[in-house]
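All heavy atoms count here, side chains included; hydrogens, waters and symmetry mates do not.
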Amino acid sequence: MRFKNKIAVITGASSGIGKATATLLAKEGSTVVLNARKEEQLEAVAAEIARNYTSPLVIRGDICEALTLDRLVQKPLEQFGRIDIWINNAGGGAPAKPLEQITMTEWNEILNRNLSSVFRCCQKVATVFKQQQYGRIVNVSSLAGRDKSLLAGVDYSASKAGLIGMTRHLAALLASDNITVNTVAPGATLTERIAQRWSTLSPEAQQKIIDTIPLGRLGKPEDIAPAIAFLASDEASYITGAVIDVNGGCFMS
Ligand SMILES: NC(=O)c1ccc[n+]([C@@H]2O[C@H](COP(=O)([O-])OP(=O)(O)OC[C@H]3O[C@@H](n4cnc5c(N)ncnc54)[C@H](OP(=O)(O)O)[C@@H]3O)[C@@H](O)[C@H]2O)c1
């Protein structure tokens with residue numbers, strides 16, 4: 001039980017990679033704090049985890065809003081007295097648009113969702129972690145932040161590359177307080193959302209993408225969660241500022 005007595009906050013926990021990560025941490029002993037915007041899906045994941053493991057704390061709301069972030073930090077502190085692990089997973093992009101058609105509103109919205117919101121989360125939870133002299137932050141970036149992207153737009157790539165730079169800088173800033181900050185960069189992963197987009201591609205277009213992946217398939221949320229869990233665990237206590245690529249070998253650093 002790697003996460004026995006640990007309190008872990010996971011943003012975007014109601015589907016895909018966030019759901020798989022929350023489930024894995026709960027399975028390995030953590031009490032999990034689940035966040036997403038839509039109630040029904042979030043409550044369904046909470047019920048499933050409660051049935052199998054420990055009952056989660058659910059905090060619904062948009063991670064881009066200050067009120068949600070305040071509650072996401074305050075409520076676990078009130079209930080459990082500490083937070084050990086913070087997984088910045090909520091995020092995503094829209095299908096790529098031609099360069100000329102991306103508006104500044106769209107650009108700012110993607111940067112806010114994928115980068116600025118994570119900065120605000122890290123800033124806020126760092127204060128708690130400093131007091132505890134313990135904390136693990138894991139940020140979920142993307143292959144699109146490491147290499148050119150076949151499916152995502154330039155706004156998404158910029159936000160996810162920014163996340164990696166921010167992770168390294170924060171890792172250096174917070175290391176002396178026994179806080180680690182790391183990143184996982186998944187390749188294309190078959191979540192429900194991606195499966196929907198995938199099904200709109202022709203078999204030839206799908207094969208073209210598969211041909212870029214040495215391991216010959218898209219990822220599954222269950223392929224990504226163990227890398228996130230490892231970086232959140234005490235086994236990774238001497239790793240900070242790192243990026244783990246989980247992409248079937250299509251980008252090797
Ligand atoms: N799937 C991939 O191929 C892939 C590849 C590389 C990186 N990633 C990254 O991995 C992370 C998870 O992706 P995923 O594919 O698992 O996504 P997903 O299946 O679409 O799930 C996204 C989760 O985040 C929540 N969410 C979205 N915006 C939010 C917000 N503003 N505030 C709070 N919750 C929010 C969603 O619930 P609500 O909509 O109810 O809020 C949902 O729980 C993202 O950061 C994504 O960029 C994914």
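- Closest heavy-atom contact between Leu24 and Ala229: CD2-CB, 3.8 Å.
- By the rule that hydrophobic residues join a cluster once side-chain heavy atoms approach within less than 4.5 Å of another member, Leu57 and Val128 end up as members of one cluster.
- Note that NZ of Lys160 is 6.0 Å distant from CG of Leu163, once rounded to the nearest 0.5 Å.
- A donor and an acceptor atom, one from each side chain of Asp211 and Gln207, are located under 3.5 Å apart.
- Rounding to the nearest 0.5 angstrom, the gap separating the CD1 atom in Ile59 from the OG1 atom in Thr11 is 12.0 Å.
- When atom types are taken as modelled, the side chain of Thr212 and the backbone of Cys250 share no donor-acceptor pair closer than 3.5 angstrom.
- Nearest heavy atoms, Gly216 versus Ile210: O-CG2, 3.5 Å.
- Between the side chain of Asn35 and the backbone N or O of Gly61, at least one donor-acceptor pair lies under 3.5 Å.
- Across every non-hydrogen atom of Leu170 and Cys122, the tightest pair is CD1-CB, 3.6 Å.
- Taken to the nearest 0.5 Å, the OG atom of Ser116 stands 10.5 Å off from the CD atom of Glu109.
- At a threshold of 4.5 Å between side-chain heavy atoms, the hydrophobic network of Ile, Leu, Val, Met, Phe, Trp and Tyr places Val138 and Leu174 in two separate groups.
- Side-chain contact check for Ser141 versus Val243: every heavy-atom pair is 4.5 Å or farther apart.
- For Glu192, the CD atom is loosely surrounded, since the number of other residues' heavy atoms within 6.0 Å does not exceed 12.
- Taking Asp234 as the reference, Lys6, Arg136 meet the salt bridge (Lys or Arg N to Asp or Glu O under 4.0 Å) condition, with sequence neighbours excluded.
- No side-chain heavy atom of Ile244 sits less than 4.5 Å from a side-chain heavy atom of Asn182.
- Between Arg193 and Ser15, the side chains place no donor N or O within less than 3.5 Å of an acceptor N or O (distance only, hydrogens not considered).
- Contact of the Ile17 side chain with the Ile228 side chain is registered, since non-hydrogen atoms from C-beta on lie closer than 4.5 Å.
- Expressed to the nearest 0.5 Å, how far CG of Leu25 lies from CG of Asp84 amounts to 11.0 Å.
- Nearest heavy atom pair, residue Ile110 against residue Ala94, reads CD1-N, 4.2 Å.
- Between Phe230 and Ser233 the shortest side-chain heavy-atom distance falls below 4.5 Å.
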Next item on the list: Start with the C-alpha distance between Lys208 and Glu204, add both sets of side-chain angles, then the distance that settles salt bridge (Lys or Arg N to Asp or Glu O under 4.0 Å), and finish with yes or no.
Entry: CA-CA 6 Å; Lys208 209 169 144 194; Glu204 295 73 30; over 6 Å; no
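- With values rounded to the nearest 0.5 angstrom, Arg71 atom CZ is found 8.5 Å from Arg60 atom CZ.
- Using a 4.5 Å cut-off on side-chain heavy atoms (C-beta onward), Asn178 and Phe129 make no contact.
- Not one N or O on the side chain of Asp177 forms a donor-acceptor pair closer than 3.5 Å with the backbone of Ile179.
- The minimum heavy-atom distance between Leu190 and Ala195, with the atom names listed, is CD2-CA, 3.7 Å.
- One finds the CG atom of Leu231 at 12.5 Å from the CD1 atom of Ile137 (value rounded to the nearest 0.5 Å).
- Both Val246 and Ile10 are part of a single hydrophobic cluster, where members link through side-chain heavy atoms under 4.5 Å apart.
- Side chain of Asn89 to main chain of Gly12: a donor-acceptor pair is present (N/O by atom type, distance under 3.5 Å, no hydrogens or angles).
- For Ala144 against Ser149, the heavy-atom pair with the smallest separation is CB-CB, 3.7 Å.
- Criterion: ILVMFWY side-chain heavy atoms under 4.5 Å apart, direct or through other members. Under it, Val9 and Val181 are part of a common hydrophobic cluster.
- Under the 4.5 Å side-chain heavy-atom criterion for Ile, Leu, Val, Met, Phe, Trp and Tyr, Leu115 and Trp86 are members of the same hydrophobic cluster.
- Listed for the Arg113 side chain is a donor-acceptor partner under 3.5 Å among the backbone atoms of Gly92.
- More than 12 heavy-atom neighbours from other residues, nucleotides or ligands sit within 6.0 angstrom of CD on Gln133.
- Under a 3.5 Å cut-off, the side chain of Thr21 and the backbone N or O of Ala225 do not form any donor-acceptor pair.
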Note to self: Show, in sequence, the C-alpha distance, side-chain angles and deciding distance for Asp245 and Leu143, and conclude whether the side chain to side chain contact (heavy atoms under 4.5 Å, CB included) test is met.
What the structure shows: CA-CA 7 Å; Asp245 293 301; Leu143 172 62; 5.8 Å; no
Checklist line | side chain to side chain contact (heavy atoms under 4.5 Å, CB included) between Ile85 and Phe3, intermediate numbers included | finding: CA-CA 10 Å; Ile85 295 162; Phe3 299 107; 3.7 Å; yes
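- Inter-residue side-chain proximity for Ile63 and Arg120 is flagged as unmet; no heavy-atom pair is nearer than 4.5 Å.
- Applying the salt bridge (Lys or Arg N to Asp or Glu O under 4.0 Å) test to Lys97 and every residue at least two apart in sequence or in another chain returns Glu106.
- Side-chain contact between Ile213 and Asn247 is absent, with no heavy-atom pair separated by less than 4.5 Å.
- No donor-acceptor distance shorter than 3.5 angstrom exists from the side chain of Thr189 to the backbone of Gly219, with no hydrogens or angles considered.
- Inspection of the Thr167 and Thr183 side chains reveals an N or O donor paired with an N or O acceptor under 3.5 Å.
- Using a distance-only test at 3.5 Å, with no hydrogens or angles considered, no donor-acceptor pair links the side chain of Glu65 to the main chain of Leu67.
- Thr180 is not listed as a side-chain neighbour of Ile239, based on a closest heavy-atom distance of 4.5 Å or more.
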